[in-house]
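Just so it is clear: chains get the letters A, B, ... in the order the sequence lines come, proteins before strands, and each one is counted from 1. Keep in mind that the numbers below use all heavy atoms, side chains included, and drop hydrogens, waters and symmetry copies.
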Protein chains: 2
Amino acid sequence: MFKQGSKSDGTRNHILATALRLFRETGFDETTMRDVAAKAGVALGAAYYYFPSKESIVAEYYKYVQDQHLLRAREQFLLAKDLRSRLSAAIHTKLDVLQGDRRLMSALFRYGGDPEHRLSWFGPETREHRELSAQIFAEAIAEQKLPPDVKDVAPTLLWALHMGILLYFLYDKSSEQKRTRKLADGAIELILQARRFISFPVIRPIRKRAIGLLREAGLVP
Amino acid sequence: MFKQGSKSDGTRNHILATALRLFRETGFDETTMRDVAAKAGVALGAAYYYFPSKESIVAEYYKYVQDQHLLRAREQFLLAKDLRSRLSAAIHTKLDVLQGDRRLMSALFRYGGDPEHRLSWFGPETREHRELSAQIFAEAIAEQKLPPDVKDVAPTLLWALHMGILLYFLYDKSSEQKRTRKLADGAIELILQARRFISFPVIRPIRKRAIGLLREAGLVP
DNA sequence: GTCTATAAAGGGATAGAC
DNA sequence: GTCTATCCCTTTATAGAC
């Protein structure tokens, strides 16, 4: 996104930027492709030439979010040494990127329930996105000494937690979504507390069982 | 749904049944109101006379699912005494009701991400549905001796777990969604195991903290 | 009150001309 | 690479039959 170059890239970016602006201001469903084309000063067909569907514009935004998240999280990882700061960096940078775009996220959300959809969060076509997202959490916990089975599944579980927090974020009407920030911080504190328990021999059987269940279900690697 | 009576009820039910059949066979987006009207043998206007929108037909289905779940779960509760059977009844009856309607569920799913939508799962308009759903889980654990704070939040947490299982169900391509059944059974076993730990004094602080966090976030009562 | 027939506004998507 | 013209669909609306 926003890379410059040939003339076509200029038009494409112009249409994209206009569309995202309208989606943010007016909402996804409320914005028509005709609006986008008109405001961008191109014909309807031109908009469809660059974006095969209205949804594909949102898909572009999804990529942008992933890139931004990776960039910002890694930037903060350079200075964050302890687990708390690193988990905090991983989740809060994501919220930073999405702050103000909650209406757009609603449009993304709808793809999640359709296994056949190209943009479904859990479908094969978006596996790369998921893995990239989990990778950020893997980097957050990279230096931690943890039982191997825990370390294997932790990134995916943190990714799942982060998805839950994003859902909360979507519904959070508090100013600047402060409640979500608090929820995230609280969740991190719980993780830190759980981290101490997780290696205890008493916990081992239930831990093994839980991870085994998730593995069998294909929910974790 | 399916209640008989006046002539209008007959037509209404006929349109509803036809629409659901087409949604199941062809998919929600692929089925047009014109298809529904045509297959039901009524004019387009008649279909819109009974259902103000295509979505409102799906909303009707949602009510039907809730009613059926309550009915079937309570029927099984009469014979199920231990916690395992009662949790099993609560979740498996829901899956029974939804079995074969996964395409329809995809259509329902999309409402979940839009806080402004009348049919959003987490919005104020559907609170009754959520509470009714949690009520079934409350009945499943009614006879259990549990710390009061746990007993207060358990129905909501079980409801959340059940929502997660339904998401898995949506994506489960195994024949008759056997994998989801296994996942549900495994989750129940984990709950039984956790049930033994939950009252331990060592666990108390982290438990209090976790529940406090959920309360502050407004996620549990 | 229940429904048919019909039209038309508004919007997603496409074919093909330029 | 861009635009015009067009199709199909949802939805709303209306006039009138039963």
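At distances below 3.5 Å, at least one donor-acceptor pair connects side-chain atoms of K151(B) with backbone N or O atoms of A142(B). Side-chain atoms of R102(B) come within 3.5 Å of backbone N or O of D172(B) as a donor-acceptor pair.
Residues in residues 155-165 of chain A take part in these side chain to side chain donor-acceptor pair (under 3.5 Å) pairs, two or more places apart or across chains: K94(A)-H162(A). Residue pairs that meet the salt bridge (charged side-chain N to carboxylate O under 4.0 Å, His left out) test with at least one member in residues 125-136 of chain B, sequence neighbours left out, are R127(B)-E131(B). For residues 36-59 of chain A, no residue pair satisfies the salt bridge (charged side-chain N to carboxylate O under 4.0 Å, His left out) rule, not counting sequence neighbours.
In this structure, I57(A) atom CD1 and dA13(C) atom C1' are separated by 13 Å, rounded to whole Å. The distance between atom CG of D29(A) and atom C1' of dC9(D), rounded to the nearest whole Å, is 15 Å.
A side chain to side chain contact (heavy atoms under 4.5 Å, CB included) with M105(A) is found for one member of L167(A), V65(A), L166(A) and no other, namely L166(A).
Taking a 4.0 Å limit (strictly below) on heavy-atom distances, residues 32-43 of chain A reaches DNA chain C at T32(A), M33(A), R34(A).
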Using nucleotides 12-15 of chain D, report all nitrogen or oxygen pairs with the protein that are shorter than 3.5 Å.
{"from": "dT12(D)", "atom 1": "OP2", "to": "P52(B)", "atom 2": "O", "distance (Å)": "3.4"}

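Nucleic acid contact for S56(B): none, since no nucleic acid atom lies under 4.0 Å from a heavy atom of the residue.
Minimum interatomic distance between D101(B) and V97(B) (heavy atoms only, all atoms of both residues): OD2-O, 4.2 Å.
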Which atom pairs, one a donor and one an acceptor, fall under 3.5 Å between side chains of residues 209-221 of chain A and the rest of the protein, sequence neighbours left out?
{"from": "R209(A)", "atom 1": "NH1", "to": "Q193(B)", "atom 2": "OE1", "distance (Å)": "3.2"}
{"from": "R215(A)", "atom 1": "NE", "to": "P221(A)", "atom 2": "O", "distance (Å)": "2.9"}

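Comparing atom distances between the K54(A) side chain and each of dG1(D), dT2(C), dG12(C) picks out dG12(C) as nearest.
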